[in-house]
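Take a look at the structure set out below.
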Amino acid sequence: MVERYARLTIVGFVIIALTLVLIPVQLVTTWLKLPVRRAVPMWWHRVMRFFLRVEVRVEGEAMPTRPLLLIANHQNWLDIVVLGSVMPLCFIAKSEVRGWPGFGWLARLQRTVFVARDRRSATGASVGEIAERMTQGDVMVLFAEGTTSDGNRILPFRSSLIGAAQQAERTGHVDVAGVQIVTVNYAKIRGGAAGRAGRKALAWYGDLDLMPHILSVLMMGPMVAYVRFGQARRMDPTTDRKALTRNCYEEMQTCFADMAAGKV
């Protein structure tokens, strides 16, 4: 127990120290619009992944063309670290995250786009902002479920923000925009299969308080997360957005079920 608390102290110190070092770097590179601004958060996530003892195994790859919207499943705050460590990414988050102590500031440094999902007019403006960022070369990640699951299922997707890929095509003067699913599954904890109970223990959902959940995850021990890129899709002005959303949802359901069954 003493060893675990000592490790928590070390991890906390590393997070604070690294963040303080990279804040001015990210602020300057973002202000100057330097390409490295996309990579700085990835470095942060890779260091965090190391100290959190999360091994990430990637299957497939993101399509190389831009604009690109990645549609991901969402189980907990650790998804951000896992996905953010794979490649330079920007996330789409609900507007409440902006006001979270500490985490809101980190999200802004990640160049997150915040969306007020409960207001249709604000959602429309967010689609425009996401589309603009995509045409500038940012790979955007959308948690299409709209909330976190219990770690053992994929919740129905919301199609409204997926339209950003279609708008990126219209506003960016490009022929098509890319849409691709990326599925995260936590397969192993402390060397053994996570199973339904392990995945549920890792998930942050419902009324669970954030800080106690963070501490419990940090004390779980080493884990392995699989990240699988799915089929690359093209979206143009003639694409049926709702049909594409259904196809992506069905693909992710199958992919997640296979990964949970050990087919990785």
Side-chain angles (χ1 to χ4, degrees), residues 41-42 45 54 56 58 62 67-100 103-104 106-108 110-119 122-123 126-127 129-131 133-134 138-165 168 177-186 199-200 202-206 208 210 213-214 217 225-230 233 235 241-242 244-253 255-256 259-260:
M42 182 181 69
H45 288 303
V54 180
V56 177
V58 181
L68 175 60
L69 177 69
L70 293 177
I71 300 174
N73 60 316
H74 200 13
Q75 300 151 90
N76 56 41
W77 50 271
L78 196 56
D79 299 336
I80 306 294
V81 176
V82 169
L83 290 171
S85 69
V86 172
M87 61 184 289
L89 300 168
C90 294
F91 293 90
I92 301 166
K94 58 186 180 181
S95 57
E96 296 94 313
V97 174
R98 187 197 299 268
W100 290 1
F103 294 95
L106 289 174
R108 288 193 290 272
Q110 178 84 45
R111 302 171 59 241
T112 297
V113 174
F114 299 99
V115 180
R117 295 177 184 263
D118 57 341
R119 290 189 291 131
T123 299
S126 298
V127 167
E129 182 180 357
I130 295 164
R133 291 279 297 277
M134 288 172 62
D138 288 329
V139 176
M140 304 301 299
V141 178
L142 170 66
F143 295 116
E145 296 162 294
T147 187
T148 50
S149 72
D150 64 0
N152 287 304
R153 56 179 174 153
I154 304 297
L155 302 176
F157 285 176
R158 300 182 180 185
S159 67
S160 57
L161 293 178
I162 294 178
V179 177
Q180 187 175 15
I181 70 161
V182 56
T183 309
V184 179
N185 179 63
Y186 297 92
R199 287 191 296 271
K200 189 170 184 178
L202 276 172
W204 178 56
Y205 65 103
L208 293 175
L210 180 57
H213 182 266
I214 290 176
V217 170
Y226 282 90
V227 174
R228 179 182 290 178
F229 287 95
R233 292 177 169 84
M235 197 172 194
R241 172 171 52 86
K242 292 187 177 181
L244 182 142
T245 301
R246 285 195 301 271
N247 291 338
C248 288
Y249 175 65
E250 291 167 0
E251 181 189 1
M252 186 173 288
Q253 278 190 309
C255 181
F256 186 82
M259 295 169 79

Exercise for the section: Show your working on side chain to side chain contact (heavy atoms under 4.5 Å, CB included) between T112 and I92 and close with a plain yes or no. Expected result: CA-CA 6 Å; T112 297; I92 301 166; 6.0 Å; no
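- With values rounded to the nearest 0.5 angstrom, K242 atom NZ is found 10.0 Å from S160 atom OG.
- Taking CG of N247 as the start and CD1 of I181 as the end, the distance is 11.0 Å to the nearest 0.5 Å.
- Between R199 and N185 the shortest side-chain heavy-atom distance falls below 4.5 Å.
- Atom-to-atom distance recorded for L142:CG and I71:CD1 is 6.0 Å, nearest 0.5 angstrom.
- Remark: R233 pairs with E251 by the salt bridge (Lys or Arg N to Asp or Glu O under 4.0 Å) rule, at least two apart or across chains.
- The CZ atom of R158 lies 12.5 Å from the OG1 atom of T245; values are rounded to the nearest 0.5 Å.
- Of all heavy-atom pairs spanning L69 and L161, the tightest one is CD2-O, 4.3 Å.
- Between L89 and the options D138, L83, V182, a side chain to side chain contact (heavy atoms under 4.5 Å, CB included) holds for only L83.
- Contact record, H45 with S85: CB-N, 3.7 Å, taken as the closest heavy-atom pair.
- By the ring-ring contact (aromatic ring centres under 6.0 Å, His included) test, F256 is found to be paired with no residue, residues two or more places apart in sequence or in another chain being considered.
- The shortest side-chain heavy-atom distance between I80 and F143 falls under the 4.5 Å cut-off.
- Considering all non-hydrogen atoms of both residues, M140 and I130 come closest at CG-CG2, 4.0 Å.
- Not one N or O on the side chain of Y186 forms a donor-acceptor pair closer than 3.5 Å with the backbone of A203.
- Nearest heavy atom pair, residue M87 against residue V139, reads CE-CG2, 4.2 Å.
- Here the side chains of I214 and F103 are in contact, with some heavy-atom distance below 4.5 Å.
- By the 30° and 60° cut-offs, the orientation of the rings of W204 relative to H213 is tilted.
- Considering every non-hydrogen atom in both Y249 and I154, the closest pair reads OH-O, 3.2 Å.
- Nearest heavy atoms, C255 versus R228: SG-CD, 3.1 Å.
- Put simply, CG on L70 and CD on Q180 are 6.0 Å apart, with the number rounded to the nearest 0.5 Å.
- A distance of 6.0 Å separates CZ of F157 from CD of E145, quoted to the nearest 0.5 Å.
- Within the 4.5 Å cutoff, side-chain heavy atoms of V97 are placed close to those of F114.
- In this structure, the side chain of N76 engages the main chain of L202 through a donor-acceptor pair within 3.5 Å.
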Problem - Audit row: F229, V86, side chain to side chain contact (heavy atoms under 4.5 Å, CB included) steps and yes/no - result: CA-CA 11 Å; F229 287 95; V86 172; 4.2 Å; yes
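- By the 4.5 Å heavy-atom criterion applied to side chains, V81 and V54 are not counted as neighbours.
- Looking at residues two or more places apart in sequence or on another chain, you find a side chain to side chain donor-acceptor pair (under 3.5 Å) between S159 and R241.
- At least one donor-acceptor pair under 3.5 Å links the side chain of R133 to the backbone N or O of R111.
- The closest donor-acceptor contact from the side chain of N73 to the backbone of V184 lies under 3.5 Å.
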